[in-house]
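Predicted model only: the values in this text are computed from it and were never measured. Side chains are part of it too, since the values below use all heavy atoms of this structure and drop only hydrogens, waters and symmetry mates.
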Amino acid sequence: MGLASQEAINQFKALMDQVDEPLKKTFKNVHQGYIVETLERFLKAREGNVAKAHKMLVDSLQWRLQNGIDDILAKPIIPANFYRGVRDSQLIGVSGYTREGLPVFAIGAGLSTFDKASIHYYVQSHIQINEYRDRVILPAATKKNGRYIGKCVKVLDMSGLKLSALNQIKLLTTISTIDDLNYPEKTITYYIVNVPYVFSACWKVVKPLLQERTKLKVQVLQGGGRDELLKIMDYPSLPHFCRREGSGSGSGSGSSRHSDGGCYSLDHPFHQELYSYMKQQSGCREPIEPAKQGSVHVDVALGKPEEAELCKTLESELKKLRNQKSLSGSLKNMKISD
C-alpha cells in the first residue's frame, strides 16, 4: 500500500463514515464501489497524512456539490458544430489501452489553441472527460480485465509548440488545479513526445504549477516515442502522432499530423460515444438552429497563500522569455529536474 497503511485507511474510512449524507452521495460517484483504492489515492496525495487527506477529500466533495459535478455529464456542449470547435482546439482523445489495461489518453499539447470558445467551455469539457473516464471508461476496463483499473497513462504531443502557448497559462493553471485537488493520482505516467527546442523554455514557466509528485511522473521521450511506448502498449494503441518514428518536432510536421484528426476528432469512436452518452443523460435533442449556449461555470479554489507570489514569478518569467531574441538548447542534454 506504500504510504497508505492499513491503519491509515481504517482511520480515513472512519472519518468518511461521519460526513453528511450529501457528501456520502457524491462520494459514491467518486469511488465507484472502490472505497479503499480511492482513499489510498487521496492519502498518497497528502503523503500519508490522514487529517490532510480527509480535508482534501471533503473539500473536493464540497466542490462537486457546489459546482454540480455529479450532473455535468448530463450537460453536453451544444450544438454539435460548436462542440466540434472545442474538440478541434482542445486536442485530447483515447487512442487505446496499455497491455495492463490502462486507457491511453493522447493530448495535443503543442497544437491546442483554445481559441474557439470561452475558458468555461474548455474547463467544462475537461471535467466531463475526467468524469467519463472515472465513471465509464475505468469501470469498463476493470470489468474487462477482471481486476481494478483506476488509472491511465497520458501521452502529450508537443509538436507545434510555440512560446505563444504561454498566453493560455490561466486556463492551464485552472485545469491543473482542478486535477490536483479533485482527481489526484489518476495518471501513472505523463509521456512527452515530439519535443521542439522551445519546450525547455515553456517548461520553466509551467513547472512551478505542478506538484512534486506530478513532476516525478513526467518522462520526455526521444522523437515520437514509438519504441519506448511499444514496450507498454501494442501498435494499434499508439497515438497517431507517435506512429512514425523520426517524426519531426517542429510546427510543420505537427500540423500535418493534426490534419488527420486522429483520436482528437469528434468523429472518433471515443468522442462519439462520450457525446452520445452525455446527450442520452441529458435527454436533450440537438437544436435545429445554433443557439447561444450557456457554459458550466466552475469555481476553482487555488488554495495556497503563495499562489499570488507564484503568479508574480510566472509573469516575470514570461516577460523574460518574450524579451529574448533567440532561444537555444540541445535536446540531447535536456533533463527535467527540480
Is the backbone N or O of Y97 less than 3.5 Å from a side-chain atom of S237, with the two atoms forming a donor-acceptor pair by type? yes
Backbone N/O of R84 and side chain of H271: donor-acceptor pair under 3.5 Å: no
Of all the heavy-atom pairs spanning P139 and R135, show the shortest one and how long it is. CG-O, 3.4 Å
Considering non-hydrogen atoms only, spot the tightest contact between K75 and G68 and give its length. NZ-O, 4.5 Å
Is there a side-chain contact between H120 and V298 in this structure, where contact means two heavy atoms from C-beta onward sitting under 4.5 Å apart? no
Note, I129 side chain near F105 side chain (heavy atom, < 4.5 Å): yes
Please check this pair: side chain of D234 against backbone of P236, looking for a donor-acceptor N/O pair closer than 3.5 Å. no
Mind checking whether I175 and Q90 have side chains closer than 4.5 Å, heavy atoms only? yes
Closest non-hydrogen atoms of V94 and C263, given as atom of the first, atom of the second and distance, are O-CB, 3.7 Å
Whether D134 and K186 form a salt bridge (side-chain N of Lys/Arg under 4.0 Å from carboxylate O of Asp/Glu) is what I want to check. yes
Ignoring hydrogens and angles, tell me if any N or O in the side chain of S282 forms a donor-acceptor pair with the backbone of K279 under 3.5 Å. yes
Give the ring-plane orientation class for Y264 versus H240, where under 30° counts as parallel, over 60° as perpendicular and anything between as tilted. perpendicular
Test item: side-chain donor near acceptor, Y122 and S89, under 3.5 Å: yes
K217 (side chain) donor-acceptor with T187 (main chain) under 3.5 angstrom: yes
Scanning both residues in full, the closest heavy-atom pair of G101 with I149 reads O-CG2, 3.7 Å
Output, in order, the C-alpha distance, side-chain angles, deciding distance and verdict of side-chain contact (heavy atoms from CB on, under 4.5 Å) for S60 and L181. CA-CA 7 Å; S60 176; L181 296 181; over 6 Å; no
What's the spacing between L39 CG and I9 CD1 if we round to 0.5 Å? 5.0 Å
Checking side-chain hydrogen bond (donor to acceptor under 3.5 Å, both in side chains) for the pair Y190/T214: CA distance, chi angles, key distance, verdict? CA-CA 8 Å; Y190 299 86; T214 301; 5.1 Å; no
Is there a donor-acceptor pair under 3.5 Å between the side chain of Q128 and the backbone N or O of I72? yes
Would you check if the side chain of T98 reaches a backbone N or O of M233 as a donor-acceptor pair within less than 3.5 Å? no
Rounded to the nearest 0.5 angstrom, the CG-CG distance for L266 and L274 is 9.0 Å
Indicate yes or no for a side-chain donor-acceptor contact from S112 to the backbone of G108 under 3.5 Å, with no hydrogens or angles considered. yes
Separation between CD1 (I35) and CZ (F27), nearest 0.5 Å, reads 6.0 Å
For the rings on F42 and F12, is their centre-to-centre separation under 6.0 Å? no
Is D70 reaching over with its side chain to a backbone N or O of N29, donor-acceptor style, under 3.5 angstrom? no
Minimum heavy-atom separation for V155 to C242, with atom names? CG1-SG, 3.9 Å
Run E131 and R64 through side-chain contact (heavy atoms from CB on, under 4.5 Å) and show every step you take. CA-CA 11 Å; E131 291 293 309; R64 294 180 68 87; 2.9 Å; yes
Shared hydrophobic cluster for Y34 and L102 (ILVMFWY, side-chain gaps under 4.5 Å): no
Do L238 and S95 have side chains that approach each other closer than 4.5 Å (heavy atoms only, starting at C-beta)? no
Under 3.5 Å, side chain of Y275 to main-chain N/O of D267, donor-acceptor pair present? no
Within-4.5 Å side-chain heavy-atom neighbours: K170 and T173: no
Answer yes or no: is there a side-chain heavy-atom contact under 4.5 Å between R133 and L138? yes
Charged N-O contact under 4.0 Å between D180 and R213: yes
Nearest-0.5 Å distance that lies between atom CG in L230 and atom CZ in R243: 10.0 Å
Verify side-chain contact (heavy atoms from CB on, under 4.5 Å) between L65 and L61, making sure each step is shown before the conclusion. CA-CA 6 Å; L65 289 177; L61 297 179; 5.9 Å; no
Show the numbers, then the answer: is there a side-chain contact (heavy atoms from CB on, under 4.5 Å) between Y132 and E273? CA-CA 10 Å; Y132 187 72; E273 291 167 10; 3.8 Å; yes
To the nearest 0.5 Å, atom CG of D71 lies from atom CD of Q281 at 9.5 Å
Minimum heavy-atom separation for G160 and L111, please, with both atom names. CA-CD2, 4.0 Å
Is the closest side-chain heavy-atom distance between V19 and H54 below 4.5 Å? yes
Could you tell me how the ring of W63 sits relative to the ring of Y183: parallel (under 30°), tilted (30 to 60°) or perpendicular (over 60°)? perpendicular
Is it true that R147 and E100 make a salt bridge, defined as a side-chain N closer than 4.0 Å to a carboxylate O? no
Can a donor-acceptor pair be found between the side chains of S125 and R87 at a distance below 3.5 Å? yes
One should read off an interatomic distance between L156 CG and L91 CG, to the nearest 0.5 angstrom, of 11.0 Å
Same hydrophobic cluster for Y148 and I137, using side-chain heavy-atom links shorter than 4.5 Å among ILVMFWY? no
Does the side chain of K116 reach to within under 4.5 Å of the side chain of Y121, using non-hydrogen atoms? no
